Colleague: 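Right, I'll just put the structure down here and ask away after.
Values reported hereafter were calculated over all heavy atoms of this structure, with side chains retained and with hydrogens, waters and symmetry mates removed. The structure presented is a predicted model; accordingly, all values stated were derived computationally and were not measured.
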Amino acid sequence: MSNPGEFLQACAAGKIWVYCSSCRDAKNLNLVEHIDCIANQSYWGSEPWWHDTRVFHCPDCGTQQQSQIEYHP
């Protein structure tokens with residue numbers, strides 16, 4: 001999925017997830033509070049959005065977490 005438009009469509013469709021280590025569960029990116037996005041400085045490929053770290057607030061346990069994103073079709 002190297003097209004950024006496809007990535008945005010996957011986000012809108014609820015197919016992008018992050019992992020909460022406190023809950024030990026995957027969370028839909030659309031259902032968590034986004035705090036920040038940390039770019040992976042060592043990645044120089046054509047799909048940087050897959051290699052960023054997302055900082056989010058988990059609505060279930062109330063903690064702030066960091067996670068890579070994952071695609072779940």
Colleague: Remaining members of Val55's ILVMFWY cluster at a side-chain heavy-atom cut-off under 4.5 Å?
Modeller: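 Ile35, Ile38, listed by chain and number.
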Colleague: Partners of His51 by ring pair (Phe, Tyr, Trp, His ring centres under 6.0 Å), sequence neighbours excluded?
Modeller: Tyr43
Colleague: Could you tell me the separation between the CZ atom of Phe56 and the CG atom of Asp36, rounded to the nearest 0.5 Å?
Modeller: 13.0 Å
Colleague: Take Tyr71 and Trp50, measure what side-chain contact (heavy atoms from CB on, under 4.5 Å) needs, and give me the verdict at the end.
Modeller: CA-CA 9 Å; Tyr71 176 72; Trp50 288 117; 3.6 Å; yes
Colleague: Would you find more than 12 non-hydrogen atoms of other residues, nucleotides or ligands less than 6.0 Å from Gln68 atom CD?
Modeller: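 Count over threshold, so yes.
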Colleague: Under the 3.5 angstrom rule, does the side chain of Asn40 hit a backbone N or O of Asp52 as a donor-acceptor pair?
Modeller: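 Checked: no pair found.
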Colleague: Give me the atom names and distance for the closest heavy-atom approach of Ala12 to Asn30.
Modeller: O-ND2, 4.0 Å
Colleague: Are Ile16 and Leu31 linked, directly or through intermediate hydrophobic residues, by side-chain heavy-atom contacts shorter than 4.5 Å (ILVMFWY only)?
Modeller: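 Cluster IDs for Leu31 and Ile16 differ.
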Colleague: With rounding to the nearest 0.5 angstrom, report the SG to CZ distance, Cys61 to Arg24.
Modeller: 12.0 Å
Colleague: Provide the full list of ring pair (Phe, Tyr, Trp, His ring centres under 6.0 Å) pairs with a residue in residues 12-42, sequence neighbours left out, each pair given once.
Modeller: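 Sorted pair list: Trp17-His72.
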Colleague: What heavy-atom pair brings His57 and Val32 nearest, and what distance separates the two atoms?
Modeller: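 What the structure gives for the nearest pair is O-CB, 3.7 Å.
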Colleague: Search all heavy atoms of Cys58 against all heavy atoms of Lys27 and return the closest pair with its distance.
Modeller: SG-CE, 3.7 Å
Colleague: Side chains of Thr63 and Gln65: is there a donor and an acceptor less than 3.5 Å apart?
Modeller: yes
Colleague: Might you work through the side-chain contact (heavy atoms from CB on, under 4.5 Å) test for Arg54 and Ser67, ending with a clear yes or no?
Modeller: CA-CA 5 Å; Arg54 306 298 168 128; Ser67 173; 5.7 Å; no
Colleague: At their closest point, which heavy atom of Asp60 faces which heavy atom of Cys23, and how far apart are they?
Modeller: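 Residues Asp60 and Cys23, closest heavy atoms: CB-SG, 4.0 Å.
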Colleague: Distance from Trp49 atom CH2 to Cys11 atom SG, nearest 0.5 Å?
Modeller: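 Between Trp49 CH2 and Cys11 SG, I get 10.5 Å after rounding to 0.5 Å.
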Colleague: How long is the gap from SG on Cys20 to CD on Gln64, to the nearest 0.5 Å?
Modeller: 11.5 Å
